[in-house]
Every structure is written in structure tokens, then in C-alpha cells.
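In what follows, a structure is listed as C-alpha cells, so that the remarks can point back to it.
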2 protein chains.
Amino acid sequence: MAITSPRAALKRAELAGRLGCNLETIRYYERIELLPEPARTASGHRLYSNEDQVRLRFILRARSLGFSVEDVRSLLGINDGRPSCAEVRALAEAHRGDIRKRIADLKQMDRRLGEIMAGCTGAETPDCALTDKLFEDS
Amino acid sequence: MAITSPRAALKRAELAGRLGCNLETIRYYERIELLPEPARTASGHRLYSNEDQVRLRFILRARSLGFSVEDVRSLLGINDGRPSCAEVRALAEAHRGDIRKRIADLKQMDRRLGEIMAGCTGAETPDCALTDKLFEDS
DNA sequence: ACTTGTGTCTGTACCAACTACAGAGCGTAA
DNA sequence: TTACGCTCTGTAGTTGGTACAGACACAAGT
């Protein structure tokens with residue numbers, strides 16, 4: 001039971017292991033002040049509380065949804081105090097717009113790539129329709 | 001006529017202007033050896049030949065299709081000599097797989113974001129369903 | 001000839017968002 | 001006690017450029 005208790009103070013590697021992030025990411029988030037400085041043992045080893053864990057989980061989730069570190073800072077109220085629901089929504093909508101733009105850009109790349117690959121047969125010759133097309137005059 | 005001749009030696013800004021890239025990008029590509037060192041005037045100003053222009057256009061096009069700089073290096077035969085059509089095709093297929101994976105990832109983000117935004121009404125309150133969900137236990 | 005304005009040269013610093021590593025110190029089990 | 005493994009710190013590397021400072025170069029105007 002105690003093994004998985006969310007209340008025990010965790011060392012850095014334990015926290016990273018639980019939340020599935022890299023060890024160094026935690027120190028990085030501390031450095032850029034997304035995470036507060038944690039408690040320490042007498043000899044200086046970091047000890048993370050349950051509150052720390054909750055906050056880090058929030059950050060990791062927001063990052064996994066593609067929010068930038070600056071966005072996360074805003075969501076956490078680090079920039080201008082705790083954001084209103086309207087502000088959060090605006091941030092999320094803007095971010096969603098970004099995501100959709102990136103999808104559209106990638107789709108266009110895929111389409112263009114398909115066009116340019118037509119004729120590149122994969123024959124074992126040095127002449128290649130793909131590179132030829134990239135070299136062509138505008 | 002001479003103004004737009006593709007044979008005239010171009011200065012850096014002229015080349016950048018023609019191909020629509022940033023001035024500094026050209027020097028960057030020279031530094032990482034995608035572009036060869038160009039000719040110089042007596043006083044050291046770079047002069048780009050038509051051949052340089054063709055090569056840079058190739059690089060910019062490949063980059064705009066999402067190929068990495070290392071990919072471009074391979075396509076140009078800088079790594080292991082001029083690639084065969086089969087090698088080019090393999091590179092392009094792998095790259096296309098990458099693009100599609102990125103599209104899939106972004107679509108999933110968009111979907112998850114949509115789910116998590118449900119209930120975030122944008123009302124002018126500090127309580128927000130979106131942040132609440134990000135804070136929730138696993 | 002001189003000045004002024006613009007272009008170019010070099011080296012280096014900066015961006016995001018981590019990740020990795022070196023060298024030192026700490027903790028614990030045998 | 002000694003060995004192993006974890007943690008500490010600071011710093012450098014990653015990708016693909018972009019930006020800037022300070023020193024020259026070049027062309028046009030006076």
C-alpha cells in the first residue's frame with residue numbers, strides 16, 4: 001500500500017517514474033519556474049510532496065496536449081494571476097487553431113510529396129524523378 | 001534583361017531575394033556545408049553562380065517538403081555519394097511516414113483537446129472545467 | 001575628395017523544450 | 001568499510017535557423 005501512496009514524499013527519480021517523464025525534465029521545470037523549489041533533505045536531495053506531483057501532472061498533460069510552456073505558465077496563473085475560464089478558453093481555442101494549421105500544413109506537404117514522388121520508381125538507377133523535380137527551374 | 005538573367009553572379013541578398021529565403025539562411029547552409037563556399041570578390045563579398053542558385057533552390061524545396069537537413073544532405077549525396085533512385089525513394093517513403101505520424105498525433109491532440117474543452121464554457125468565472133480536468137487524478 | 005547611406009563581412013548569442021553528461025557528494029546493503 | 005547507485009551542480013548539445021554588434025566595402029551625391 002505504502003508503495004503507491006500518493007502522500008509519501010518522493011525523490012526525483014520516483015516522481016519521474018510515476019508520471020512517466022524524464023528525470024531531468026523535472027529539474028528543468030524547476031529552473032524555468034513552472035515547478036516551485038521542492039523541500040530538501042538535510043543533505044540537499046529534493047523531496048516532492050503530493051501537491052508537487054499534482055502540479056507536475058498538470059504541466060505534463062498540458063504539454064502533451066501541445067500547449068507551449070508559456071501557455072502552461074498562463075494556465076497555472078504564473079503570468080497574470082489565475083486565469084478566468086474565458087481566458088483559458090481563449091488560450092485553448094487559439095491553440096486548437098494552431099494545431100489545425102499545423103495539420104493542414106502537414107497534409108499539404110504530404111500531398112506535394114506524393115506528387116513529386118510520382119515517377120520515382122525506386123529502380124536501381126542513379127537518375128531519380130524526385131531529385132530531378134527538386135532541381136527543376138521554378 | 002540582364003536584371004533577371006540567371007547567369008549573373010549574385011550577391012547574398014540578391015540570391016535570398018530571388019529564392020525567398022532569409023539572408024542569413026544562406027550563410028548558415030554554407031556553414032553546415034550544404035552549400036559550397038562561393039566565389040568572392042577581391043574584398044571578400046560572396047558571389048553566387050547559377051549553379052549555386054540551383055543547389056540552394058533544391059535545398060529550400062526539400063526543406064519546404066519537410067525533409068530534415070540530414071535528409072537533404074543525403075539527397076545531395078554529401079553523406080555517401082549520390083544516392084540511387086531506390087535510396088531516394090526509401091528516404092521519401094520514410095519521411096512521408098513521419099509526416100503521417102505527426103498528422104495522426106496532432107489529430108489526436110485536437111480530439112483530446114476537444115474532449116477536455118467540453119464544459120469549459122468561457123463564463124467569466126475562475127472555475128474552469130478545462131483546468132480542472134488537467135488537475136484531476138490519473 | 002569627401003561624406004553619407006547602405007550592403008556585406010565576421011563571430012557570436014538567442015529561440016523552444018528539453019536531454020545528456022562530468023565530477024562531486026550522499027545513502028545504504030553486504 | 002567499501003562498493004554501488006542515486007543525487008547534486010553546472011554546463012553543453014540538440015534542430016534549424018534568426019539576429020545582432022562592430023568592422024569594412026561600395027556607390028551616389030556634393
Side-chain angles (χ1 to χ4, degrees), chain A residues 8-35 37-48 52 56 58-76 78-79 95 98-99 102 105-106 109, chain B residues 8-35 37-48 52 56 58-76 78-79 95 98-99 102 105-106 109:
Chain A
L10 300 172
K11 281 185 268 178
R12 193 150 58 103
E14 287 167 346
L15 182 59
R18 261 183 203 226
L19 298 189
C21 76
N22 186 288
L23 182 64
E24 295 292 275
T25 302
I26 297 175
R27 197 159 60 106
Y28 172 67
Y29 287 159
E30 181 183 332
R31 189 150 54 83
I32 65 172
E33 298 177 285
L34 283 191
L35 287 175
E37 293 188 24
R40 301 266 186 162
T41 66
S43 62
H45 288 198
R46 290 172 179 82
L47 286 179
Y48 293 97
D52 292 327
L56 177 54
F58 179 98
I59 297 166
L60 293 172
R61 278 189 193 151
R63 292 284 305 121
S64 82
L65 287 167
F67 287 104
S68 71
V69 164
E70 280 315 299
D71 287 344
V72 176
R73 222 183 272 286
S74 297
L75 291 174
L76 283 169
I78 295 173
N79 288 330
H95 175 49
D98 246 44
I99 288 176
R102 281 154 69 195
D105 288 351
L106 286 168
M109 260 188 207
Chain B
L10 300 172
K11 282 184 268 178
R12 193 150 59 101
E14 288 166 346
L15 182 58
R18 261 183 203 226
L19 298 190
C21 74
N22 186 288
L23 182 64
E24 295 291 276
T25 302
I26 296 174
R27 198 160 60 105
Y28 172 68
Y29 287 158
E30 181 183 332
R31 188 150 55 84
I32 65 172
E33 296 177 287
L34 284 189
L35 287 175
E37 293 189 25
R40 301 265 187 163
T41 66
S43 63
H45 287 198
R46 290 173 179 81
L47 287 178
Y48 293 96
D52 292 327
L56 177 55
F58 179 98
I59 296 167
L60 293 171
R61 279 189 192 151
R63 291 285 305 122
S64 81
L65 287 168
F67 287 103
S68 71
V69 163
E70 281 314 300
D71 287 344
V72 175
R73 221 183 273 286
S74 297
L75 291 173
L76 283 168
I78 294 172
N79 288 331
H95 174 50
D98 247 45
I99 288 175
R102 280 156 67 196
D105 288 350
L106 286 168
M109 260 186 210

- B/Arg73 to B/Asn79 - nearest heavy-atom pair and separation: CD-OD1, 3.3 Å
- Message: Can you tell me which nucleotide in D/dC8, D/dT7, C/dC21 comes closest to the side chain of A/Leu23?
- Response: D/dT7
- Separation of C/dT19 P from A/Ile32 CD1 (nearest whole Å): 12 Å
- Message: Measure CZ/B/Arg12 against P/C/dT6 and give the value in whole Å, please.
- Response: 18 Å
- Task: Return no unless some side-chain N or O of A/Asn22 is found under 4.0 Å from OP1 or OP2 of C/dA17.
- Result: no
- Can you find an N or O donor on one side and an acceptor on the other, under 3.5 Å apart, linking the side chain of B/Arg46 with the base of C/dG7? no
- Query: Separation of B/Ile59 atom CD1 from D/dG16 atom C1', in whole Å?
  - Reply: 13 Å
- Message: Expressed as a whole number of angstroms, how long is the span from B/Ile26:CD1 to D/dA19:P?
- Response: 14 Å
- Message: With a 4.0 Å limit, can you tell me whether A/Tyr28 has a side-chain N or O closer than that to the phosphate oxygens OP1/OP2 of C/dT19?
- Response: no
- Item | Nearest heavy-atom neighbours spanning A/Leu47 and A/Asp52 | O-OD2, 4.1 Å
- Message: With a 4.0 Å limit, can you tell me whether A/Arg63 has a side-chain N or O closer than that to the phosphate oxygens OP1/OP2 of C/dA16?
- Response: no
- Report yes if a donor N or O on one partner sits less than 3.5 Å from an acceptor N or O on the other, where the partners are the side chain of B/Glu24 and the base of D/dC20; otherwise report no. yes
- Does any non-hydrogen side-chain atom of B/Tyr48 lie less than 4.5 Å from one of B/Arg18? no
- Query: Taking OP1 and OP2 of C/dA17, is either one under 4.0 Å from a side-chain nitrogen or oxygen of A/Tyr29?
  - Reply: no
- Message: Measuring to OP1 and OP2 of C/dT19, would you say a side-chain N or O of A/Arg27 lies under 4.0 angstrom away?
- Response: no
- note: A/Glu30, atom CD; C/dT19, atom P; distance rounded to Å ~ 16 Å
- A/Arg40 CZ to D/dC6 C1', in whole Å, measures 15 Å
- Item | Under-4.0 Å side-chain N/O to phosphate OP1/OP2 contact, A/Ser68 with C/dA16 | no
- Query: Hey, is B/Glu30 close enough to B/Arg27 for a salt bridge, meaning N to O under 4.0 Å?
  - Reply: no
- A/Thr25 side chain near C/dT19 phosphate (N/O to OP1/OP2, under 4.0 Å): yes
- Item | Spacing of B/Leu47 atom CG relative to C/dC9 atom C1', expressed in whole Å | 13 Å
- OP1 or OP2 of D/dC26 less than 4.0 angstrom from a side-chain nitrogen or oxygen of B/Ser43, does that happen here? yes
- For B/Val69 and for A/His45, find the nucleotide of DNA chain D with the closest heavy atom, then tell me which residue's nucleotide is more 5'. A/His45
- To the nearest 0.5 angstrom, please state how far the CG atom of A/Leu34 sits from the CZ atom of A/Phe58. 10.0 Å
- Message: What is the distance, to the nearest angstrom, from the CG atom on A/Leu65 to the P atom on C/dA17?
- Response: 14 Å
- Assess whether one donor atom and one acceptor atom, taken from the side chain of B/Arg31 and the base of D/dG17, lie less than 3.5 Å apart. no
